[in-house]
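Below: one structure, written as structure tokens.
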Amino acid sequence: MKYDHKQMEKKWQDKWEETGVFHASNTSEKPKYYALIEFPYPSGQGLHVGHPRSYTALDIVARKRRLQGYNVLYPIGWDAFGLPTENFAIKNHVHPAEVTKKNIARFKQQLQSLGISFDWSREINTTDPEYYKWTQWIFLQLFKHGLAYKKEMAVNWCTSCKCVLANEEVVNGVCERCGHEVVRKVKSQWMLKITEYAQRLIDDLDLVDYPDRVKAQQINWIGRSTGAEVDFKTTAGDTLTVYTTRPDTLYGATYMVVSPEHPLIEKWADSLGNLDEVRAYQAEAAKKSDFERTEVAKDKTGVRLNGVAAVNPVNGREIPIFISDYVLVSYGTGAIMAVPAHDTRDWEFAQKFGLPIIEVVKGGDVQKEAFTDCATGIMVNSGILDGLSVEEAKKKITEYLAEKGIGRPKVNFKLRDWVFSRQRYWGEPIPIVYCEKCGYVALPESELPLRLPQVKSYEPTDNGESPLAHMTDWVETTCPHCGGKARRETDTMPQWAGSSWYFLRYMDPHNGEAFAGKEALKYWAPVDWYNGGMEHTTLHLLYSRFWYKFLYDIGAVPTREPYAKRTSHGMILGENGEKMSKSRGNVVNPDEIVDEYGADTMRLYEMFIGDFEKAAPWSSAGIKGCRRFVERYWNLQNIVSTEKGVRKNLETSFHKTIKKVGEDIENLKYNTAIAAMMALLNEISDSGSVTKDELKIFTVLLNPFAPHVTEEVWEAQKLGGGLACQQEWPAYDEAKCKDASVEIAVQVNGKVRARLNVSADIAKEDAIAAAKAENKIAGEISDKKIVKEIYVPGKLVNIVAK
RNA sequence: GCCGCUGUGGUGAAAUUGGCAGACACAAGGGACUUAAAAUCCCUCGGUAGCAAUACCGUGCCGGUCCGAGUCCGGCCAGCGGCACCA
């Protein structure tokens, strides 16, 4: 019998689908288990070898859970709205829906050829009106609860996509997707109030099992800081409020800075002696993109506002006010008190403009550089704060300001509200109309889904309007509230909308009454294990936690967090160690690998390639080792003996391997799980034969990793009833995981000098005695005095001698 | 600058609480089988010296703790990822 992957893999894939063994049940006595991978964007390039790394890993978990008696939900779908499809459609004059359909068909065929145990009966597609009906429904709930609002504001505009981007989508000043320049543009946009959930998005990380690096990155992104707001009176007779994390340094404030966009500047305009200069600076700042602003970050610029000054509330000193673009309008109050002695940026600015630097925390040389250490300094030149530590001073001044009514404790976040409008065609229409009389009005839920109309051109427009704006028939409608003339919103939702709740739809994918039934939600939520890419940490993962928390608040979902456990896979790199890409010419096509080596080999190799959480380069040589392993397993069939049970000399190895493989799967250590199975297989092969019972255990153990070949062997060798994937995960006996005798190392002064075979439960005294009896050891210690003797059970003896 | 991570053979990598560094593979070299090649099987495979037994060195660098450090502590260096004028 020769191993022929082509014939057998297709056969079992068909069989699984036919029998529906991987279909989850919503009414089961078994405990539930919900395993989830990030559903793919069906791109025109087809599946990438990176996709199966994640899918196989959780497939192994899903298959193991089924063997352990769980009712497993392991679903799949398509995150199909988005720009690449739309751009392809424009270029080739086809409808995006057609492109999507074709791409999905290809992806589906590719995924099925890998033997992933997805429940295809629950397949979903975010561009299906029956799906996006509920995306729109959730948006309406957000709107009704005041969490979706329209706002005129400066937004990130991608010059190539001709579309607005969320802050999370701008990377180093360029568009995350296309790499083109992002500029500021003032537009009226739909926004989602994710900031309202900032604190809970941090706090509730305590409830979930995520890698620390994921938690850290989210916390970092949300950027919580604590400090105080302080009111400064101005000579113009109004109040300038600033935010600071260092209220303790208030006595050291020698000037103020407001951002070029600060509203008070308009109020002061008439009294400014150098208004022209100020106007010129504002215009300059407005022209710059964020990227340009940060590019010249080192060199501080600014203009003093002549004719207005602020008064330091604690010492009554009059101090000048500047405008500078190093102060951002979008953070805090858009204004700061500058303490050059204790803030690096203020120090640089003060140097450049020749402003006084007053030391208020002792510990550094503030004429040389800003002293920013909060841990060691002692307050000086600070009136009521003198002699206190920074921490004590913070507390005291905050209380003082509150008493006088000129300041208050304040928490700020870097997180901005989510810019939710996109001026493109291929997205969910926003179900809102604008009525002159009633303002923005929600579409009645009965009118959902609001379908995307057929348009002649999907071309994005240069004036920043969505292609939908040209669809006069569609745009002009009546107000659901007053019945008068109204216009539909023509922007669409971002790509992240559909993926923010898709895992809920899997629980009850065909429900026509709700996004998912209450019973289904109660049974399946939360997702037990969610694996995905690090690149989604501050995008999809954060967005979907936000939506889920909102749904929890309105009683629509039963738990506080959507994902109980999150893990992240490393990237598969090209053979040359670089990121795989068409332009680098190092892309590996999974179809070719499956064709040449088979899905089982491909799966094993992707799991064996290295640490699951780290990036790993593809190796076309390395995959051969996994193919050999599959063949060596296959060839066990040639040496099946009539003996019963597990042979005595292999018993320990079997128990150890069962234990190790089981534990390694739970800990994402697929590489060592496979190594352990390889070692056991080598041991069996070396013995010259295999018993049916041994083959049976090995087959079930290997089944989650290599599902096709194990089914074939299960059937051919008649190892039992049913399919291999329906058996019971093998059990091990802790007591039988230990070898009867072990080789221990004998050290003298920490250096290995001999090895010794001893019984595993040998007593300390006996082990040491045996060690000393060794010729080599005896010679070495004969003329020395023994200081200490150490015995580590099963490991080593160390004799310390002088 | 801040946060997080990583550094081990020719290569991918292993190594419970500190306890025999390099498991499992790949590549390479040698051998068997073959008319030959492929495939398969067997042997060698961190470095230096040696015919060998063996000895010494070896987990980015320097130092420390300890009977014993890849692992713990302190200080560096290099690389990766995220954030970045966030007051």
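Chain A is the first sequence line, chain B the second, and so forth, proteins listed ahead of strands; every chain is numbered from 1.
A distance of about 16 Å separates the P atoms of B:G47 and B:G29, rounded to the whole Å.
Remark: A:Ser225 is in phosphate contact with B:A87, judged by side-chain N or O atoms under 4.0 Å from OP1 or OP2.
For A:Tyr255 and A:Phe349, the distance between ring centers is under 6.0 angstrom.
Across all strands shown, nothing is found opposite B:G22 as a Watson-Crick or G-U wobble partner with both distances under 3.5 Å. Across all strands shown, the partner of B:C56 is B:G47, judged by Watson-Crick or G-U wobble contacts whose two distances both fall under 3.5 Å. Look at B:G1: its Watson-Crick or wobble partner, with both distances under 3.5 angstrom, is B:C83. With a cut-off of 3.5 Å on both Watson-Crick or G-U wobble distances, the partner of B:U17 is given as none. Nucleotide B:U40 is matched to B:A32 when pairs are restricted to Watson-Crick or G-U wobble geometry with both distances under 3.5 angstrom.
A:Lys300 forms a cation-pi arrangement with A:Tyr326, by the criterion of a distance under 6.0 Å to the ring centre and an angle within 45° of the ring axis.
A:Lys300 contributes a side-chain N or O that forms a donor-acceptor pair with the base of B:C85 under 3.5 Å.
Closest approach to the A:Asn671 side chain among B:A13, B:C26, B:G82 is made by B:A13 (side chain taken as heavy atoms from C-beta onward). Nearest nucleotide to the side chain of A:Ala675, out of B:C85, B:A23, B:C67: B:A23.
For the pair A:Met379 and A:Tyr251, the minimum side-chain heavy-atom distance is 4.5 Å or more.
Base orientation of B:G9: syn (glycosidic angle within 90° of 0).
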